[in-house]
There are 2 protein chains.
Amino acid sequence: MTRNPDVPEAAVTRLAAYLEALERLETQEVATTSSAEIARHAGVNAAQVRKDLSYFGEFGRPGLGYDVANLRRSLARILHLDREHLVILLGSGRLGTALLGYPGLAQRAFRVAGVFDSSPRVIGQELCGHRVLDVRNLQEFNREHEVKIGIICVPTAQAQAACDQLVAAGIRAILNFAPVSLRAPPHVLVRHVDVTRELQALAYYLAD
Amino acid sequence: MTRNPDVPEAAVTRLAAYLEALERLETQEVATTSSAEIARHAGVNAAQVRKDLSYFGEFGRPGLGYDVANLRRSLARILHLDREHLVILLGSGRLGTALLGYPGLAQRAFRVAGVFDSSPRVIGQELCGHRVLDVRNLQEFNREHEVKIGIICVPTAQAQAACDQLVAAGIRAILNFAPVSLRAPPHVLVRHVDVTRELQALAYYLAD
DNA sequence: ACTTGTGAAGCATTTCACAGCC
DNA sequence: GGCTGTGAAATGCTTCACAAGT
């Protein structure tokens, strides 16, 4: 899953957190900031912020700190958020619908190119401005659109099949919401967001 | 956030993944398994599985492996999933609704004790069998119910306030879906599930 | 005086490798 | 022969601490 072995994967994820912090600072019209302030916003150590940034270049000036707007732009560029990313949604149930309507996606330049499902009950229906398409047309669809990112919101039992279909359609990265570990070829990145797993971990620490 | 310093937090989260794997094996009527097989299901190293389990006891027998049903029960007990956990949902938007209707919660013995919102437009409405309550009644509600786990599904701008309200109501663990790092006292566990952060990390690895 | 960028130290986690048991 | 459980090695990540810059 890790591609650039020099940059810890955790550092990349934190970069997104720093970006959020910078956006907040920018709306508060803060022009200049420090690693300590970013760290406070992101809930990490200040040295961690500097180290993470150092993987990608030098963005600050000793004694002065960082220019908020500049650093925000730099981080956005590093994360490739300076251009739009198309995503394909697999599964139009409650979670898929929630994501479709989630403004956070568009705010970060992620645009849903297509919504797919396998159930005849929903195929063809309109959902948040998207016609739900038949998953059997996924490969054909993506020959034209060349979407790189797929999001799996199907029930557990169908998640691996959904993954295989995305891979066959040429997808390069998958965000999986189903509570199963997926098997995918090594050239396909898979990230797993598992609500139940998180809750179960919380429950562990709640011994009475 | 880590409470038992001897057990890595990542190990606890993986335990939940092993539990999923064991449940799948059990439905396939597999009686006995090995660390290698569990590892394959969970997408980790076999030594990792054995090491993780060793933090909590000895569950297998050399040369034979693990009894699936037994190990599943043991893991469920370790994660305190042998009893029901009440949760409070803050925010009845699309994401909150999706969670309310998500069968995975009930399957893992998490039961929604109450749904709260601050918008007069939704307070009092019925949602998946739950009446949406006024967040101003949260403390009073929890004096009676003593729920330990809160889930934040409110918009970013209100997330910190929601967190503060949960803390004031005596919540001990929070699962946060808003894309902000929350500040909470050290006795309150916070876990962060951030869809946009995950997508942004994926985008980083998708350089063309 | 204050803050960055970074080598080096410190700490944590993962993986190896094998003794011991089935 | 096969598999677990676990010290020890290897790896990876985070934090420290300070030289250098403003």
Side-chain angles (χ1 to χ4, degrees), chain A residues 1-18 21-22 25 30-72 74-75 78 181 201 204, chain B residues 1-18 21-22 25 30-72 74-75 78 181 201 204:
Chain A
M1 171 136 174
T2 303
R3 287 304 136 103
N4 181 346
D6 302 3
V7 181
E9 197 173 316
V12 175
T13 309
R14 282 192 298 266
L15 240 48
Y18 305 156
L22 289 163
L25 288 169
V30 178
T32 296
T33 188
S34 64
S35 58
E37 188 170 35
I38 298 171
R40 218 170 326 112
H41 275 83
V44 302
N45 183 295
Q48 180 92 80
V49 173
R50 297 198 298 277
K51 175 66 83 177
D52 286 345
L53 294 178
S54 79
Y55 292 125
F56 301 97
E58 307 193 359
F59 304 99
R61 299 183 56 198
L64 283 175
Y66 303 89
D67 180 89
V68 173
N70 251 326
L71 185 55
R72 183 192 50 70
S74 298
L75 293 190
I78 290 164
S181 299
Y204 168 77
Chain B
M1 172 133 170
T2 303
R3 286 305 135 105
N4 180 345
D6 302 2
V7 181
E9 198 175 315
V12 175
T13 310
R14 281 191 298 266
L15 241 47
Y18 305 157
L22 290 163
L25 289 170
V30 177
T32 296
T33 188
S34 63
S35 60
E37 188 170 35
I38 297 171
R40 217 169 329 112
H41 275 83
V44 302
N45 183 295
Q48 179 94 79
V49 173
R50 298 198 298 277
K51 175 68 82 178
D52 286 344
L53 295 178
S54 79
Y55 292 124
F56 302 96
E58 306 192 1
F59 304 99
R61 299 183 57 198
L64 283 175
Y66 304 90
D67 180 272
V68 173
N70 251 325
L71 184 55
R72 183 191 51 69
S74 298
L75 294 191
I78 291 165
S181 300
Y204 167 76

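Please read these numbers as outputs of a predicted model, since none were measured by experiment. Atoms considered below: every heavy atom in the structure, side chains included; atoms not considered: hydrogens, waters and symmetry mates.
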Interatomic distance, [X] [atom1] vs [N] [atom2] [rounded to whole Å]:
X      : N       : atom1 : atom2 : value
I38(A) : dT3(C)  : CD1   : P     : 13 Å
D6(B)  : dT13(C) : CG    : P     : 10 Å
Y55(B) : dT14(C) : OH    : P     : 7 Å
E9(B)  : dC11(C) : CD    : C1'   : 16 Å

- Message: Strictly under 4.0 angstrom, non-hydrogen atoms only: write out the protein contact profile of nucleotides 3-11 of chain D, one letter per nucleotide from the 5' end, B, S or -.
- Response: BBBBBB---

- Query: Who passes salt bridge (Lys or Arg N to Asp or Glu O under 4.0 Å) against R50(A), sequence neighbours left out?
  - Reply: none

- Message: Taking 4.0 Å as the cut-off, does a side-chain nitrogen or oxygen of N45(A) come that near to OP1 or OP2 on dC16(D)?
- Response: yes

Applying side chain to side chain donor-acceptor pair (under 3.5 Å), can you list everything that pairs with [X], at least two apart in sequence or on another chain?
X      : value
T13(B) : R191(B)
Y18(A) : D52(A)
T33(B) : E37(B)

- Measure the spacing between CZ of R14(B) and CG of L53(B) and express it to the nearest 0.5 Å. 10.5 Å

Quiz: residues 56-68 of chain B side-chain donor-acceptor pairs under 3.5 angstrom, not counting sequence neighbours:
| from | atom 1 | to | atom 2 | distance (Å) |
| --- | --- | --- | --- | --- |
| D67(B) | OD1 | A69(B) | N | 3.3 |
| D67(B) | OD1 | N70(B) | N | 2.9 |

